[in-house]
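Throughout, residue positions are numbered sequentially from 1 according to the sequence presented. Values below: every heavy atom of this structure, side chains too, minus hydrogens, waters and symmetry copies. Note that ligands are numbered from 1 as they come in the structure, with each ligand's atoms numbered from 1 the same way.
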Amino acid sequence: MTVSVPAAGRPAKANAFCLAAGEAALYASGVMAFADITADLKARMPELRGRLLANQSLAEFAWFRVGGPAQVFFMPEDEGDLSYVLRNLPGEIPIHVVGAGSNLIVRDGGVPGVVIRLGRGFNAVTVEDGHRVRSGTAILDVMVARAARDAAIAGLAFYSGIPGTIGGALRMNGGAYGGETKDVLVEARGLDRQGNLRTYSNADMGFSYRHCGVGEDIIFTQALFQGRAGSVEEIAAEMAEIKTKREASQPRNRTGGSTFKNPPGHSAWKLVDDAGCRSLRVGQAQVSQLHSNFLINLDGATAADIETLGETVRTRVKDHSGVVLEWEIKRIGVKA
Ligand SMILES: Cc1cc2nc3c(=O)[nH]c(=O)nc-3n(C[C@H](O)[C@H](O)[C@H](O)COP(=O)(O)OP(=O)(O)OC[C@H]3O[C@@H](n4cnc5c(N)ncnc54)[C@H](O)[C@@H]3O)c2cc1C
């Protein structure tokens, strides 16, 4: 089979994977879209059970509410379905996995290849003996925090303040208010690009600050967490305190959370503030007035506005303090 992965909105160039007929129709109509390769993929994978959509807008999934479409958007039914697709998808097709999109800029030109979003089949959460919680990776962090609270398991309340999925928490070593994924993870399970099941111990994960060392091709499907004995009332009070602090200090709308990692010995927000960037604007994107390490989409920003604003902040901070800020937010796709 031959497939094509050009950037959305650009004329399709003849290349090794070209499906010329489908592309010509799309581009002649002037629609911002990739060549539709879903029929060919379905034909190649007759046992596929999940949903495969062409040119699905990603803006509606990402917290920033910006960005172009996924050439192919795939929601696997379960781990077996995901493994089947990974095994049978031509190796030249790029793959990206997304969670809740709370740490993500999807560029305006969209994402060539297949974007995978895990759904209901990856949402289970169970409490196990020894103060442990096992969860799928599509579930929101807060659901794991609540399950632990209800079972009087302490140590996982910090997850109630992070608006992503457990998959995103594993990839980002998500943490807040003194807790971090690396402190509580026993092991994670995932699939590689060939669909093979792999298990990673905490040490295998190669965690560091907002980073996981496991190859980018791995799609995490399950996690096992270790908590400790606690009291439901105390954990509930801790979660309420986290909620109050968050609401007072962070924008919760059309943002991607902390934009830059804290450089060793510095706070990113302070460097941004000192460089005079609080409230700085590019188009409809703005550095938050409430928290200067957050960028926000005022309404109608493009991904290019947001990314340009971030790069402008990086330049100003470097000029002012000599410190080079590193993006914490992940950026995927191509520019329009
Ligand atoms: C208001 C706000 C507050 C925030 N506060 C915090 C905070 O306190 N602490 C913190 O750590 N973060 C915070 N964040 C950032 C964000 O919530 C975390 O990074 C979160 O872990 C991202 O999860 P996600 O599901 O949204 O991932 P996405 O944003 O969708 O993706 C982020 C990365 O995770 C990868 N990924 C997602 N799912 C999987 C999977 N199943 N397997 C492999 N890789 C996967 C993606 O490929 C991508 O590289 C905040 C964000 C917002 C908007």
>> I'd like to know if the side chain of Thr255 reaches the main chain of Leu295, judged simply by a donor and an acceptor atom lying under 3.5 Å from each other, with no hydrogens or angles considered.
In response: yes
> Does the Arg314 side chain pair with the main chain of Phe260, one donor and one acceptor, at a distance under 3.5 Å?
Replying inline: no
>> Taking only non-hydrogen atoms of Gly190, do any sit less than 4.0 angstrom from ligand 1?
In response: no
> Should Lys335 and Asp108 count as an ion pair when the cut-off is N to O under 4.0 Å?
Replying inline: no
> Going by heavy atoms, is Ile329 under 4.0 Å from ligand 1?
Replying inline: no
> With atoms numbered from 1 as shown, which atoms in ligand 1 lie under 4.0 angstrom from a non-hydrogen atom of Ala176?
Replying inline: 8 (O)
>> Under 4.0 Å from a heavy atom of Pro251: which atoms of ligand 1 are those, numbered in the order shown and with their elements?
In response: 1 (C)
> What part of Leu118, side chain, backbone, both or neither, has a heavy atom within less than 4.0 angstrom of ligand 1?
Replying inline: side chain
>> Can you report which non-hydrogen protein atom sits closest to atom 45 (C) of ligand 1, along with the distance?
In response: Val97 CG1, 3.6 Å
>> Between Arg120 (side chain only) and Glu77 (backbone N and O only), is there a donor and an acceptor less than 3.5 Å apart?
In response: no
> For the atom pair CZ (Arg331) and CD (Glu307), what is the distance rounded to the nearest 0.5 Å?
Replying inline: 5.0 Å
> Looking at Ala169, which atoms of ligand 1 are within less than 4.0 Å of one of its heavy atoms?
Replying inline: 21 (O)
>> Distance under 4.0 Å to a non-hydrogen atom of Arg246: what atoms of ligand 1 satisfy this?
In response: 3 (C), 4 (C), 5 (N), 6 (C), 7 (C), 8 (O)
>> Against ligand 1, does Glu180 come closer than 4.0 Å with any heavy atom?
In response: no
>> Under a 4.0 angstrom heavy-atom cut-off, which atoms of ligand 1 come close to Ile218?
In response: 43 (C)
> Which residue supplies the protein heavy atom nearest to atom 35 (C) of ligand 1, what is that atom called, and how far is it?
Replying inline: Arg171 CG, 3.4 Å
>> Please compare Gly167, Gly175, Ser249 and report which has the shortest non-hydrogen distance to atom 40 (C) of ligand 1.
In response: Gly167
> Would Val111 end up clustered with Val98 when hydrophobic side chains under 4.5 Å apart are linked, directly or stepwise?
Replying inline: yes
> Backbone N or O of Glu328 within a donor-acceptor pair of the Asn103 side chain at under 3.5 Å?
Replying inline: yes
> Nearest to atom 12 (N) of ligand 1, what protein heavy atom do you find, and at what distance?
Replying inline: Ile162 CG2, 3.8 Å
>> Please state which option from Gly101, Gly164, Ser102 has its nearest heavy atom closest to atom 16 (C) of ligand 1.
In response: Ser102
> For ligand 1, does His96 get within less than 4.0 Å through its side chain, its backbone, both, or neither, judged by non-hydrogen atoms?
Replying inline: neither
> Under 3.5 Å, side chain of Arg117 to main-chain N/O of Gly99, donor-acceptor pair present?
Replying inline: yes
>> I'd like to check which ligand 1 atoms, numbered from 1 as shown, lie under 4.0 Å from a non-hydrogen atom of Asn103.
In response: 15 (C), 16 (C), 19 (O), 22 (C), 29 (O)
> Hey, does the side chain of Arg246 reach the backbone of Gly161 with a donor-acceptor pair shorter than 3.5 angstrom?
Replying inline: yes
>> As an exercise, identify every atom of ligand 1 less than 4.0 angstrom from a heavy atom of Gly99.
In response: 25 (O), 28 (P), 30 (O), 37 (C), 38 (N)
> Starting from atom 25 (O) of ligand 1, which protein heavy atom do you reach first, and at what distance in Å?
Replying inline: Thr165 OG1, 2.6 Å
> Gly174 heavy atoms, cut-off 4.0 Å: which ligand 1 atoms fall inside?
Replying inline: 11 (O)
> Which of these, Gln250, Arg252, Arg331, Lys330, has its nearest heavy atom closest to atom 49 (O) of ligand 1?
Replying inline: Lys330
>> To check your reading of the model: name the closest protein heavy atom to atom 4 (C) of ligand 1, its residue, and the distance in Å.
In response: Pro163 CD, 3.6 Å
>> Counting only nitrogen or oxygen atoms and a 3.5 angstrom limit, does Glu328 reach ligand 1?
In response: no
> What is the nearest protein non-hydrogen atom to atom 27 (O) of ligand 1, stated with its residue, atom name and distance?
Replying inline: Gly168 CA, 3.7 Å
> If only atom types and distance count, is the side chain of Asp36 paired as donor or acceptor with the main-chain N or O of Ala54 below 3.5 Å?
Replying inline: no
> Parallel, tilted or perpendicular: which fits the ring planes of Tyr200 and Phe220, with parallel below 30° and perpendicular above 60°?
Replying inline: perpendicular
> What pair of heavy atoms forms the shortest contact from Leu41 to Pro90, and how long is it?
Replying inline: CD2-CD, 4.3 Å
> So which heavy atom in the protein is nearest atom 53 (C) of ligand 1, and how far is it from that ligand atom?
Replying inline: Gly257 N, 3.3 Å
> Looking only at atom types and distance, does a side-chain atom of Asp192 sit under 3.5 Å from a main-chain N or O of Arg198, one as donor and one as acceptor?
Replying inline: no
> So, do Phe73 and Phe61 have ring centers that fall under 6.0 Å from each other?
Replying inline: yes
> Nearest to atom 42 (N) of ligand 1 by heavy atom, Phe122, Phe220, Tyr209: which?
Replying inline: Phe220
> Is a donor on one side and an acceptor on the other found under 3.5 Å between the side chain of Arg278 and the backbone of Gln289?
Replying inline: yes
> When you measure from atom 24 (P) of ligand 1 to every protein heavy atom, which one gives the shortest distance, and what is it?
Replying inline: Ala100 N, 3.5 Å
